[in-house]
Every structure is written in C-alpha cells, then in structure tokens.
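Here is how names work: the chains are called A, B, and so on, in the same order as the sequence lines, proteins then strands, and each is numbered from 1. Remember, it's a predicted structure, so these values are computed and weren't measured experimentally.
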Amino acid sequence: MLDIKYYRQHLDEVAKRLLQRGVTLDTELIQQLESQRKQLQIETQSLQNLRTQRSKAIGQAKAQGQDIQPLLDDVENLGEQLKQKKHELDQRLQALQTIYASLPNLAHESVPIGKDETDNQKIRQWSEPKHWSFTVKDHVELGDGLLDFASAVKITGARFVVLKGQLARLHRALIQFMLDLHTEQHGYTELYVPYIVNQHSLYGTGQLPKFKSDLFEVSNDFYLIPTAEVPMTNLFRDEIVSEEQLPLKRVAHTPCFRREAGASGKDTRGMIRQHQFEKVELVQWVKPETSYQALEELTFHAETVLQKLELPYRVMSLCCGDLGFSAAKTYDLEVWLPGEKNYREISSCSNFEAFQARRMQARFRHHNDKKTIELLHTLNGSGLAVGRTLLAVMENYQDEQGKIAVPQVLQSYMGGQTVIDSSTA
RNA sequence: GGAGAGGUGGCUGAGUGGUCGAAAGCGGCGGUCUUGAAAACCGUUGAGGGUGUGAGCCCUCCCAGGGUUCGAAUCCCUGCUUCUCCGCCA
C-alpha cells in the first residue's frame with residue numbers, strides 16, 4: 001500500500017502513474033469519499049471528546065456525592081449519535097481501505113514503460129546457449145524413469161511430480177548448494193520457517209486481499225505459503241528495528257504451493273509449472289536510500305547460482321505492465337532451456353520499497369535521531385526456483401545418449417558422482 | 001485432547017468501573033559533577049491517526065474482535081496465545 005497522505009495530496013499524479021501499470025483510478029470517487037471521511041472524522045472525534053468531558057464530570061459529581069441524574073439526562077442521546085457517526089465514518093474508511101489495498105505499487109522511474117512481457121527490457125546476458133550436434137531432448141524425455149508424473153497424478157493430481165533416485169538427490173543437492181552459497185558467500189542468515197501462514201501475513205506481503213484465488217487455503221485463516229517471502233518478510237511485521245541492524249539478510253528453503261488458477265492449459269508439459277515446488281528465497285530489509293543498490297546486489301546473488309552452475313541466462317527488467325502487484329521494480333532471471341529453445345523465468349528479484357513495510361508496519365529507528373522512525377524497504381528474490389533449476393541442469397547438461405552430467409559445483413553434494421544415467425540410476 | 005493460571009509500554013511489574021496512556025524499578029536519551037569514565041543527582045523517554053501555515057488542540061490503542069456502561073486496562077462473550085500438570089505423539 002502507498003502512503004495514504006500521498007494519495008490525498010498527489011491523487012492525480014498517482015492516477016497517472018497507476019495508468020502506466022494499466023490500473024485506472026476513480027479519482028472523483030476517492031475525492032468524494034475522502035472529503036466525507038474528513039468531515040465525519042472531525043465530527044466523530046469531537047463527539048468522542050464531548051463524551052469524555054461529560055463522563056469525567058459525572059465521575060467528579062458522583063465522587064462529591066452530588067445528584068448525577070441531570071448530568072445523565074444530558075448525555076442521553078450522545079451514545080446513539082456517536083454510534084451513528086462512527087458507523088458512517090467506518091463505511092467511508094472501509095470503502096477507501098478497499099480501494100487503497102487493491103492498488104498496486106508505483107513503478108520506479110527506471111522501469112521500462114510497456115504493457116506486457118513483450119515490452120520487458122533485456123539488461124544483460126550471461127554466456128551463450130550451447131550448440132548441439134544432436135537433437136536435444138527436453139527434461140521430460142531425459143527424466144524418463146526418474147521423473148514420474150503418472151504416479152503424482154495417481155497420488156494427488158495434475159501439476160505434481162515424483163522424483164526418484166539420483167534425480168531426487170540432484171534436486172536436494174541444488175538446495176544445499178544454494179543455501180551454502182548464500183550463507184557462506186553472500187552474508188545471508190539461514191532460516192527455517194512455517195509453511196502455513198495466517199491471513200495477516202498474506203496481507204502484509206500483498207497476496208491478500210486481491211489474490212486469494214492463487215492460494216491453497218488449508219482451513220479457516222490458514223494458507224499454504226505461495227513463496228517463502230510471506231513467512232520471511234513478515235518476521236518484522238509490527239517491529240521497530242534499530243538502524244545498526246540493517247541491512248538484514250535472510251535466506252530460507254521452502255516448498256511453495258500455488259493454485260495456478262489462471263494458468264490452465266499453460267505449461268502443462270513437464271515440471272515448469274507445478275502446484276508444489278521448492279524454492280530458495282532471499283529477503284532483505286534495508287534503509288530506503290540503499291534499496292536500489294540492494295536490488296542490484298540481491299539480483300547478483302541469484303545470478304551467481306546460475307553462473308556457478310554454468311547455465312546461460314539473461315536478465316530482464318520487467319516493464320510497468322508486467323510488474324507484480326507489490327513491486328516497484330523487478331529483474332527476472334531467465335535461464336536457457338534447450339528443450340524449449342527458449343529463455344524461461346527462474347528467478348524474480350524485486351524491490352518493494354515501503355509498499356510491504358507499510359502494510360505490515362515494519363520500521364526502523366534512526367541511530368542519530370532516536371525519535372525518528374521510518375518504514376523499511378523490503379526486497380526479495382528467488383535464489384533460485386529449485387524445480388526449474390533442476391530441469392535447466394538436465395536439459396543443458398545432456399549428452400547424445402540422454403545421460404546428464406552433474407555440474408561440477410554439485411558433485412561434492414552428490415557423493416562425487418559425475419553423471420546421471422536414467423537407465424541405471 | 002483434558003484441568004488450571006496468565007497475556008499491561010524496550011524489559012520487570014502495579015493497577016479490578018471514573019481526572020489512567022497507565023505507578024514504581026530497570027534500560028535508553030540529555031544534563032550536572034569529573035582530566036576521562038563510573039557512581040550519584042536532575043530532567044526526559046510508547047505507537048498510530050485527525051486537524052492546523054504554525055505553536056498547538058483533539059482522537060484511538062493496556063493480546064485480537066465483539067458486547068455492557070454516561071464512563072472499561074478493569075465487567076461479559078468469542079478467538080488467539082503463553083505457562084504448569086495429565087493424556088497422546090514424530
């Protein structure tokens with residue numbers, strides 16, 4: 001959410017910038033609601049003030065043994081009036097809150113203008129797709145025997161997978177490798193977090209109220225996490241940290257659960273788009289003036305995983321129209337998939353500025369001026385999506401016989417094994 | 001799952017219907033003293049919001065959400081949560 005005061009004072013500018021993101025703001029309605037709100041709030045508060053004064057007078061009179069009946073008669077209607085005003089005020093406040101909470105973040109000035117993913121801007125590219133002297137297979141063919149979709153359908157349903165043998169181990173090796181890299185070389189502290197969260201947490205990071213249909217609801221007020229961003233970022237909900245603690249950097253590996261409600265028919269082959277997948281997530285809490293530098297660093301931390309795995313990728317700056325709800329700026333890392341002959345998203349690194357922090361009241365106290373409390377800026381990025389990394393490794397490390405070489409950095413996590421052969425694994 | 005006791009400011013903890021946003025202590029910040037520091041002493045010290053150019057004035061918040069009352073930290077209901085005991089359990 002944006003600063004309410006900012007909405008009030010710069011409504012036209014906000015409307016203009018939201019339009020870049022494809023969101024039309026009914027400024028007239030907002031202005032109308034705001035002016036009603038202002039009037040009702042003043043009236044309500046003055047009634048509350050009156051009530052307090054009268055109640056105190058009654059208390060005093062009673063303490064002195066005076067007859068309080070005349071005073072009670074005097075306040076007879078006050079409660080009813082107050083109730084009425086409060087109700088009217090609440091209606092306006094709720095209407096405004098509903099509008100404000102459903103509005104996305106404003107894009108940073110450096111974000112490319114555009115409507116959809118075709119307008120995303122390529123920032124850089126690392127390495128080149130390999131040239132193959134044989135017909136490459138995709139991960140579904142390569143994983144024959146180890147990548148078991150049929151069993152998953154039987155156990156659960158579509159968009160799940162069972163991994164077996166050396167492939168399951170490679171999957172686990174990737175997780176260990178990523179966690180070790182980020183904790184040992186990039187300064188992140190590892191976390192283990194709940195995979196089920198309440199609605200307050202989902203509101204804080206921006207999944208609720210707008211994107212409920214993307215989530216698996218376990219029971220009333222319990223949801224499976226769609227990303228570790230939710231439990232991690234909410235660690236500092238309603239907290240005031242001291243400036244010296246910043247930047248805070250955390251990493252966690254969790255499964256992620258997504259309904260993929262809007263994706264029916266899309267990416268149905270293989271394990272590109274699953275209801276359950278593993279992700280290693282990077283989260284940072286930083287001072288506002290450093291958040292864009294932090295975004296570059298965090299993106300580089302994610303890129304490092306791909307570089308060490310020697311997987312060709314490119315970095316895309318998402319345009320206004322393709323930006324996620326809470327993000328002010330996002331870099332997507334797209335890995336080369338020979339089986340698809342295409343780059344596919346494998347990490348998304350975003351600066352949310354104060355958008356999430358405001359929703360969750362995550363703040364810091366200035367070191368020099370202890371009275372000053374300011375909202376933090378939050379960032380996160382996948383470092384990386386494990387399922388997609390696994391299939392990227394499979395497709396990029398295949399040979400003519402359909403065997404998969406184990407990337408060098410993973411070999412120590414695989415007991416020294418250098419090749420996965422699905423016919424023997 | 002059963003029984004009992006709790007949840008108050010950064011922390012400890014008092015407050016069981018009236019001028020309480022809340023005693024006291026600790027901690028923090030500023031000062032006096034000191035060559036410096038400590039000690040001692042003095043002062044100060046929660047958050048969110050409304051309104052106003054401003055000084056200020058005002059509202060809300062004592063786990064959360066409802067309720068009773070002229071008035072609620074205090075009484076009632078629901079939920080969450082912590083601790084102790086019992087049961088069950090990876």
Side-chain angles (χ1 to χ4, degrees), chain A residues 1-9 11 30-97 99-101 192 194-204 208-209 217-223 231 234-246 248 354-376:
Chain A
M1 200 159 88
L2 295 173
D3 188 354
I4 287 175
K5 283 183 191 160
Y6 197 82
Y7 278 123
R8 287 176 189 157
Q9 288 161 16
L11 195 56
I30 290 176
Q31 271 165 342
Q32 192 193 333
L33 285 168
E34 279 290 2
S35 76
Q36 289 173 352
R37 183 228 96 224
K38 185 167 170 172
Q39 188 56 36
L40 286 166
Q41 193 158 5
I42 291 170
E43 288 172 13
T44 303
Q45 291 187 357
S46 78
L47 279 175
Q48 284 173 324
N49 182 234
L50 187 65
R51 183 188 62 183
T52 307
Q53 301 310 323
R54 294 294 162 86
S55 296
K56 282 183 180 172
I58 290 171
Q60 278 173 352
K62 206 175 169 185
Q64 291 165 17
Q66 295 169 4
D67 179 16
I68 58 167
Q69 195 52 47
L71 291 169
L72 286 178
D73 293 344
D74 192 36
V75 293
E76 204 184 351
N77 299 319
L78 201 55
E80 205 45 51
Q81 276 180 51
L82 186 56
K83 213 170 180 177
Q84 182 66 28
K85 283 284 179 230
K86 229 176 177 170
H87 178 69
E88 286 181 50
L89 176 62
D90 283 346
Q91 280 185 327
R92 306 310 193 283
L93 284 173
Q94 256 173 42
L96 284 165
Q97 175 65 20
I99 295 171
Y100 291 148
Y192 170 80
Y195 303 157
I196 295 177
V197 293
N198 60 34
Q199 59 176 333
H200 297 290
S201 297
L202 288 157
Y203 176 81
L208 287 181
E217 190 170 0
V218 180
S219 67
N220 203 26
D221 194 31
F222 279 146
Y223 298 83
N234 276 283
L235 278 172
F236 293 97
R237 167 151 54 87
D238 294 322
E239 299 285 338
I240 300 173
V241 303
S242 59
E243 187 178 346
E244 304 93 279
Q245 290 175 263
L246 303 175
L248 287 154
F355 190 85
Q356 295 179 327
R358 185 172 295 107
R359 287 175 159 239
M360 60 177 86
Q361 288 297 303
R363 294 161 291 169
F364 73 99
R365 192 181 293 278
H366 282 232
H367 179 59
N368 291 327
D369 176 13
K370 297 262 192 276
K371 285 225 184 297
T372 306
I373 291 171
E374 201 177 344
L375 291 167
L376 290 160

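Rounded to whole Å, the separation between the C1' atoms of B/rG9 and B/rC88 comes to 40 Å. The gap from the P atom of B/rA72 to that of B/rC63 amounts to 15 Å, rounded to the nearest Å. Atom name P, nucleotides B/rU74 and B/rG2: the rounded distance is 27 Å, in whole Å. The P atoms of B/rG7 and B/rC58 are separated by 32 Å, rounded to the nearest whole Å. To the nearest whole angstrom, the two P atoms, one in B/rA73 and one in B/rC20, are 12 Å apart. Rounded to whole Å, the separation between the P atoms of B/rG46 and B/rA24 comes to 14 Å. Only the P atoms considered, B/rU32 is 11 Å distant from B/rA37, to the nearest whole Å. To the nearest whole angstrom, the two P atoms, one in B/rA38 and one in B/rG30, are 11 Å apart.
Near RNA chain B, meaning a heavy atom under 4.0 Å from it, residues 44-52 of chain A has A/Gln45, A/Gln48, A/Asn49, A/Arg51 in order of number.
Atom NE2 in A/His200 sits 10.5 Å away from atom CG in A/Leu208 (nearest 0.5 Å). Here A/Gln94 contributes atom CD and A/Leu89 contributes atom CG; the two are 10.0 Å apart, rounded to the nearest 0.5 Å.
When both distances must be under 3.5 Å, the Watson-Crick or G-U wobble mate of B/rC62 does not exist. Base pairing analysis places B/rA5 opposite B/rU82; the two distances defining the Watson-Crick or G-U wobble pair are each below 3.5 Å. In this structure B/rG56 sits in a base pair with B/rU51, meeting the Watson-Crick or G-U test at under 3.5 Å. When Watson-Crick and G-U wobble pairs are counted only if both distances are under 3.5 Å, B/rC41 pairs with B/rG31. With a cut-off of 3.5 Å on both pairing distances, B/rA72 has no Watson-Crick or G-U wobble partner at all. Checking B/rC89 for Watson-Crick or G-U wobble geometry (two distances, each under 3.5 Å) identifies no partner in any strand. Pairing for B/rG21 is absent, with no Watson-Crick or G-U wobble pair whose two atom distances lie under 3.5 Å.
A/Lys62 comes within 4.0 angstrom of a base, heavy atoms only. In this structure, A/Lys5 reaches the sugar-phosphate backbone alone: every heavy-atom distance under 4.0 Å involves primed, P, OP1 or OP2 atoms, never a base. As judged by a 4.0 angstrom heavy-atom cut-off over every strand, A/Leu71 is placed among residues making no nucleic acid contact. Among the protein residues, A/Arg8 comes within range of the sugar-phosphate backbone only, with heavy atoms under 4.0 Å from sugar or phosphate atoms but none that close to a base.
The list of salt bridge (charged side-chain N to carboxylate O under 4.0 Å, His left out) pairs with a residue in residues 78-92 of chain A, not counting sequence neighbours, reads A/Glu43-A/Lys85. Within the structure, salt bridge (charged side-chain N to carboxylate O under 4.0 Å, His left out) contacts touching residues 51-61 of chain A (residues at least two apart or in different chains) are A/Arg54-A/Asp74.
For A/Gln64, the side chain to side chain donor-acceptor pair (under 3.5 Å) partners two or more places apart in sequence, or in a different chain, are A/Gln66. For A/Tyr7, the ring pair (Phe, Tyr, Trp, His ring centres under 6.0 Å) test picks out A/Tyr100, with sequence neighbours left out. Contacts of A/Asp73 classified as side chain to side chain donor-acceptor pair (under 3.5 Å), with partners at least two apart in sequence or in another chain: A/Gln69. Under the ring pair (Phe, Tyr, Trp, His ring centres under 6.0 Å) criterion, A/Tyr6 pairs with A/His10, not counting sequence neighbours. Every residue two or more places apart in sequence or in another chain that forms a side chain to side chain donor-acceptor pair (under 3.5 Å) with A/Glu244 is listed here: A/His367.
Between A/Asp3 and A/Ile58, the residue anchored closer to the 5' end of RNA chain B is A/Asp3, taking for each the nucleotide with the nearest heavy atom. Ranked by how close their nearest RNA chain B nucleotide is to the 5' end, A/Arg363 and A/Ile42 are led by A/Arg363.
Summarising the local packing, NE2 of A/His366 is surrounded by more than 12 heavy atoms from other residues, nucleotides or ligands at distances under 6.0 Å.
Taking every nucleotide of RNA chain B with any atom under 4.0 Å from a non-hydrogen atom of chain A, the first and last of them, 5' to 3', are B/rG18 to B/rG71.
Side-chain contact between A/Tyr203 and A/Arg359: present, with at least one pair of heavy atoms (C-beta onward) separated by less than 4.5 Å.
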